[in-house]
Amino acid sequence: MDDRIEIRVGDITTLKVDAIVNAANNQLSGGSGVDGAIHRAAGAEQLQQACQLIGGCATGQVVKTKGFGLPAKAILHTVGPIWRGGGHNEPELLRSCYSECMTMAVREGYRSIAFPAISCGAYGYPTEQAVAIAVEEVDRCLQSFLCFRQVIFVCFDEAMASLYRQAT
Ligand code: AR6
C-alpha cells in the first residue's frame, strides 16, 4: 500500500488539507452526517449559496467549492451511490467518486486530500466492500499522481478505522 495513505479517526472538518471531500446528495442541498457537519463548519449560508449556483452533481461525479470557514482550502462534493443490493452499478459509481476526486485534486494543483467513508452512512453501502473500493482506487490513482503528497481516510469511529487498516 502506498505510504502516502493515512488512516485517522476524527472529524474531517478540522483538517488543514488542500481539499476535503463531502459525501453529498444529487441536489447539493446539504443533509445529515458528514454533509451536515461540513455545511455547519464551513458556514451554512455561504456554502449553501455556492452549491445552489452549481445546481447539482450526478452520482459518481464531483464538483468543487471553496472551503469558506474550514481550515481546508476547498471542498470536493461527490455523490456516492445509494446501496440497492449491489446490482445497480454501485461499485463502479463508488469507484468513480474516488477517481474523480483524485483527478480533480490533481488538476487543481492540490497535494493533500481527506476522504470520509463515502456512501457508508445514510446511503447504506456495506462498509467492508466500500472500504476495499476506496483503498484500491486511491492506491491506483496515486501510482500515476507522483507529486501528490497525502491522502487521509477519515473515520468517525475506531471500528471503521480498523476496516481501513485491514484493507491497507
Ligand atoms: N467526519 C468524518 N466522517 C464523518 C463525519 C465527520 N464529521 N460525520 C459522519 N461521518 P454519511 P453517505 C461518517 O451518511 O452514506 C447526507 O444526508 C459516517 O460515520 O454522511 O454518503 C447527504 O446529504 C459515515 O461513516 O454519507 C446525503 O443525502 C460516513 O461519514 C447522504 O447523507 C458517511 O456517512 C449521503 O450518505
Side-chain angles (χ1 to χ4, degrees), residues 5-52 54-65 67-86 88-102 112-135 137-138 150-168:
I5 296 177
E6 204 183 302
I7 296 146
R8 279 199 214 167
V9 177
D11 178 356
I12 199 167
T13 64
T14 64
L15 296 187
K16 195 170 188 295
V17 283
D18 290 335
I20 65 167
V21 174
N22 183 19
N25 55 52
N26 293 127
Q27 296 74 34
L28 302 176
S29 58
S32 58
V34 72
D35 196 4
I38 289 174
H39 275 257
R40 282 191 299 277
E45 206 171 310
Q46 302 174 87
L47 181 51
Q48 195 63 51
Q49 227 168 40
C51 286
Q52 264 167 15
I54 296 168
C57 180
T59 306
Q61 298 299 307
V62 62
V63 297
K64 179 180 80 88
T65 65
F68 299 104
L70 294 175
K73 281 185 211 154
I75 307 167
L76 305 187
H77 305 262
T78 189
V79 183
I82 298 173
W83 180 257
R84 292 195 287 149
H88 295 83
N89 241 15
E90 293 95 326
E92 292 76 13
L93 289 167
L94 186 61
R95 193 173 290 282
S96 164
C97 290
Y98 286 96
S99 58
E100 291 291 319
C101 287
M102 290 298 292
S112 57
I113 191 169
F115 285 98
I118 300 164
S119 286
C120 288
Y123 282 0
Y125 210 108
T127 48
E128 240 167 275
Q129 293 175 46
V131 165
I133 288 172
V135 170
E137 192 57 26
V138 165
Q150 185 184 36
V151 178
I152 308 174
F153 287 118
V154 187
C155 307
F156 216 39
D157 54 43
E158 193 49 54
M160 184 65 92
S162 88
L163 284 184
Y164 275 95
R165 282 190 209 104
Q166 280 162 35
T168 52

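As the structure lists them, so they are numbered: ligands from 1, and atoms in each ligand from 1. Heads up: numbering here begins at 1 and tracks the sequence.
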| request: Any atoms of ligand 1 less than 4.0 Å from a non-hydrogen atom of Gly33? List them with their elements. | output: 8 (N), 9 (C), 20 (O)
| field | Per-atom contacts of ligand 1 with Gly31, taking only distances under 4.0 Å to non-hydrogen atoms | value | 17 (O), 23 (O)
| field | Proximal candidate to atom 33 (C) of ligand 1 [heavy atom criterion; set Ser32, Ala117, Ala122] | value | Ala117
| message | Which residue and atom name correspond to the protein heavy atom nearest atom 22 (C) of ligand 1, and how close is it? | response | Asp35 OD2, 3.5 Å
| message | Using only atom types and a distance under 3.5 Å, with no angle test, would you say the side chain of Glu90 pairs donor to acceptor with the backbone of Arg84? | response | yes
| query | Of all heavy-atom pairs between Val154 and Asp11, which one has the smallest distance, and what is that distance? | reply | CG1-C, 4.3 Å
| said: I want to know if ligand 1 touches Gly121 in the polar sense, i.e. an N/O pair below 3.5 angstrom. | reply: yes
| task | Specify the closest pair of heavy atoms between Ser112 and Asp18, including all atoms of both residues, with the distance to one decimal. | result | OG-N, 2.9 Å
| task | Go through ligand 1 atom by atom and flag the ones less than 4.0 Å from a non-hydrogen atom of Gly10. | result | 1 (N), 2 (C)
| Just which atoms of ligand 1 are under 4.0 Å from any heavy atom in Asp11? | 1 (N), 6 (C), 7 (N)
| message | For ligand 1 and Ile12, I'd like to know whether there is a polar contact (N/O to N/O, distance under 3.5 Å). | response | yes
| message | Would the distance check show the side chain of Thr78 and the main-chain N or O of Gln61 forming a donor-acceptor pair, the cut-off being under 3.5 Å? | response | yes
| task | Considering only non-hydrogen protein atoms, determine which one is nearest to atom 20 (O) of ligand 1 and report residue, atom name and distance to 0.1 Å. | result | Val34 N, 2.8 Å
| task | Look only at the side chain of Asn26 and the backbone of Cys57, and say whether a donor-acceptor pair between them is shorter than 3.5 Å. | result | yes
| remark: Note: ligand 1 atoms sitting under 4.0 Å from heavy atoms of Gly30 are 23 (O)
| remark: Residue, atom and distance of the protein heavy atom nearest atom 3 (N) of ligand 1 read Phe156 CD1, 3.8 Å
| note | Per side-chain contact (heavy atoms from CB on, under 4.5 Å), Val34 is matched among Ile118, Ile20, Ile12, Thr13 by Ile12
| Short list, please: which atoms of ligand 1 are under 4.0 Å from a heavy atom of Ala23? | 21 (O), 22 (C), 26 (O), 35 (C)
| Quick one: does Met160 get an N or O within less than 3.5 Å of an N or O on ligand 1? | no
| Should you measure from each heavy atom of Cys120, which atoms of ligand 1 turn up under 4.0 Å away? | 15 (O)
| field | Short N or O distance, Ser119 and ligand 1, threshold 3.5 Å exclusive | value | yes
| request: Kindly check if the number of other-residue, nucleotide or ligand heavy atoms within 6.0 Å of CD (Glu158) is above 12? | output: yes
| Exercise: identify the closest heavy-atom pair between Ala42 and Gly67 | CB-O, 3.7 Å
| note | Short version for Ala37: what comes under 4.0 Å of ligand 1, heavy atoms counted, is side chain
| For the student: nearest non-hydrogen atoms of Val63 and Gly56, plus distance | CG1-O, 4.1 Å
| Do side-chain atoms of Ser119 reach the backbone of Pro81 as a donor and acceptor pair under 3.5 angstrom? | yes
| message | If you compare all heavy atoms of Cys51 against all heavy atoms of His77, which two are closest, and at what distance to 0.1 Å? | response | SG-CE1, 4.0 Å
| said: Students should be able to answer this: which protein heavy-atom is nearest to atom 27 (C) of ligand 1, and at what distance? | reply: Tyr123 OH, 3.5 Å
